[in-house]
2 protein chains.
Amino acid sequence: MAFQSELEVFRKFLKNQGMRYTPEREAIIKEIFSIHDHFDVDGLYISMRRKGLRVSKASIYRLIPLLIEANLIAEVFFDKGQTYYEHIYGHEHHCHLRCKECNKIEEFSDPRLKDLEKELSERFGYKILTHKLQVIGICSKCQAKEDSA
Amino acid sequence: MAFQSELEVFRKFLKNQGMRYTPEREAIIKEIFSIHDHFDVDGLYISMRRKGLRVSKASIYRLIPLLIEANLIAEVFFDKGQTYYEHIYGHEHHCHLRCKECNKIEEFSDPRLKDLEKELSERFGYKILTHKLQVIGICSKCQAKEDSA
DNA sequence: AAAGAAATTGTAACTCAGTATCAATAAGCC
DNA sequence: GGCTTATTGATACTGAGTTACAATTTCTTT
Ligand SMILES: [Zn+2]
Ligand SMILES: [Zn+2]
Ligand SMILES: [Zn+2]
Ligand SMILES: [Zn+2]
């Protein structure tokens, strides 16, 4: 099957669920898929307002679980009261290495995690859906800062 | 060096920081280290009240970051507005396999994660502190429920 | 052991992400 | 177009976690 845009995928998802496609949902999704980075609700709302796109925060909060359900985005991590998301549709699954000091993030993927998933599935009888690996460390810049301090 | 109790470790930590050892802190720590499972602030508070141990929630909230700083406990995961913690002092590092439906948790550890940490450290120049791997799936009981539904 | 400086406590007020309510509006189907 | 029903935005609410502050307690110094 040909590659479908996020919007196409989502329209089909909505139809399947007897839900409606609205201009507000379209605006939010377009905004989300124009950001090629991790994002949070507040940042999204602010950048939409700046562009004169007026949707309520409630609509954003209401849309996010649908986009997750439709496998278009996923929660990445929760930090200091903020939940961050990222695109997953059309992206390779990857994990995150985060600097504890400056929150800089590196992405990586590793085939061993798939093997591990398989072994866990056999060992515990779970059907594995996904995994989230967060590696926490200190980036080279922050290490330098610490040494000189 | 001989094994030190959590209390001993924490008393030393407090002294180092110019902080004080109080009966409230002692009561909370004793309660935390009597629970051999993942715990959250609310559950801790309720079980202390049941035993007639009267400390305020604010004191619990104030103590937890100190216990984390002292490497006695760590945040495990955040789910539905609740933050869960577990002991780490004197425990092997492990990861979690969680059922998306019933939240049942299995613990496991895998030496490949240490290798991965080392490789990431070299590749990105980070000093690695720790990792948190959460595998999400459906446990066998919940699979059975889904099939019969 | 008493005094004094400084940290800690509990209470209550507050913050802020996320949710629920509801009347007005709009999408989708005939 | 007209009808049914989902969605919207405004607003009120919830609940975890934080903060301010006066009263209390720890710990050090003598
Ligand atoms: Zn850094
Ligand atoms: Zn990412
Ligand atoms: Zn289950
Ligand atoms: Zn655990």
Side-chain angles (χ1 to χ4, degrees), chain A residues 7-8 10-32 38-49 51-70 73-85, chain B residues 7-8 10-32 38-49 52-70 73-85 103:
Chain A
L7 271 176
E8 285 171 322
F10 193 58
R11 288 192 88 137
K12 282 181 188 164
F13 172 84
L14 287 176
K15 193 141 204 177
N16 267 348
Q17 314 269 319
M19 290 172 172
R20 291 171 186 176
Y21 189 73
T22 67
E24 289 84 1
R25 286 178 173 167
E26 184 176 305
I28 299 165
I29 295 174
K30 282 188 174 164
E31 185 65 26
I32 286 178
H38 305 119
F39 65 94
D40 66 330
V41 168
D42 234 62
L44 191 63
Y45 179 72
I46 291 167
S47 72
M48 290 187 76
R49 292 230 105 194
K51 294 179 188 166
L53 302 165
R54 305 192 157 258
V55 292
S56 68
K57 265 193 197 173
S59 291
I60 302 179
Y61 277 117
R62 283 189 281 235
L63 183 59
I64 282 182
L66 301 181
L67 294 174
I68 291 174
E69 181 88 23
I73 65 170
E75 210 179 297
V76 195
F77 49 82
F78 179 84
D79 192 50
K80 291 175 193 116
Q82 293 291 320
T83 305
Y84 291 86
Y85 305 89
Chain B
L7 272 175
E8 284 171 324
F10 193 59
R11 289 193 85 137
K12 281 181 188 164
F13 171 85
L14 287 176
K15 194 140 204 176
N16 267 349
Q17 312 272 317
M19 290 172 172
R20 290 169 187 177
Y21 189 74
T22 67
E24 289 83 1
R25 286 178 172 168
E26 183 177 306
I28 299 166
I29 296 174
K30 282 187 175 166
E31 184 65 26
I32 286 177
H38 305 120
F39 65 94
D40 66 329
V41 168
D42 234 63
L44 191 63
Y45 179 72
I46 291 167
S47 73
M48 289 186 77
R49 291 229 106 194
L53 301 166
R54 306 192 155 258
V55 291
S56 69
K57 265 193 197 173
S59 290
I60 301 179
Y61 277 116
R62 283 189 280 235
L63 183 58
I64 282 183
L66 301 181
L67 294 174
I68 291 174
E69 181 90 24
I73 66 170
E75 209 179 299
V76 195
F77 49 82
F78 179 83
D79 192 50
K80 291 176 192 117
Q82 292 290 318
T83 306
Y84 291 87
Y85 305 90
N103 279 313

Query raised in the report: Would you call the rings of Tyr84(B) and Phe77(B) parallel, tilted or perpendicular, where under 30° means parallel and over 60° means perpendicular?
Result: tilted
Report task. For Lys80(B), report the nucleic acid contact type (base, sugar-phosphate, nothing); a contact means any heavy atom under 4.0 Å. Result -> nothing
Requested in this report: Select base, sugar-phosphate, or nothing to describe what Arg62(A) touches, counting heavy atoms under 4.0 Å on all strands.
Outcome: base
Query - Among dA6(D), dA10(D), dT28(D), the one nearest Met19(A) by side-chain distance - result: dA6(D)
Report task. Look at the side chain of Val55(B) and decide which nucleotide, out of dA17(C), dT28(D), dG10(C), has an atom nearest to it. Result -> dG10(C)
Does [X] put a side-chain nitrogen or oxygen below 4.0 Å from OP1 or OP2 of [N]?
{"X": "Arg25(B)", "N": "dT9(C)", "result": "yes"}
{"X": "Thr83(B)", "N": "dG17(D)", "result": "yes"}
{"X": "Thr22(A)", "N": "dT8(D)", "result": "yes"}
{"X": "Tyr61(B)", "N": "dT18(D)", "result": "no"}
{"X": "Arg20(A)", "N": "dA26(C)", "result": "no"}
{"X": "Ser59(A)", "N": "dG9(D)", "result": "yes"}

Measure from [atom1] on [X] to [atom2] on [N] and round the result to the nearest Å.
{"X": "Tyr21(A)", "N": "dT25(C)", "atom1": "OH", "atom2": "C1'", "answer": "19 Å"}
{"X": "Lys57(B)", "N": "dT9(C)", "atom1": "NZ", "atom2": "P", "answer": "17 Å"}
{"X": "Tyr45(B)", "N": "dT9(C)", "atom1": "OH", "atom2": "P", "answer": "14 Å"}
{"X": "Ile28(A)", "N": "dT7(D)", "atom1": "CD1", "atom2": "P", "answer": "12 Å"}
{"X": "Leu63(A)", "N": "dG9(D)", "atom1": "CG", "atom2": "P", "answer": "11 Å"}
{"X": "Glu24(B)", "N": "dT26(D)", "atom1": "CD", "atom2": "P", "answer": "8 Å"}
{"X": "Glu75(B)", "N": "dG17(D)", "atom1": "CD", "atom2": "P", "answer": "9 Å"}
{"X": "Arg54(B)", "N": "dT24(D)", "atom1": "CZ", "atom2": "C1'", "answer": "18 Å"}

Requested in this report: Give a yes or no on whether a salt bridge exists between Glu8(B) and Lys12(B), defined as a side-chain N under 4.0 angstrom from a carboxylate O.
Outcome: no
Report summary line: Of Val41(B) and Gly18(A), the one whose closest nucleotide on DNA chain D sits nearer the 5' end is Gly18(A)
Report summary line: Note: Ser56(A) and Tyr45(A) closest approach over all heavy atoms is C-CE1, 4.3 Å
Requested in this report: Work out which heavy atom in Ser47(B) is nearest to a heavy atom in Glu31(B); give both atom names and the distance.
Outcome: OG-OE2, 3.0 Å
Query raised in the report: Can you tell me if Thr83(A) and Glu75(A) form a side-chain donor-acceptor pair at under 3.5 Å?
Result: no
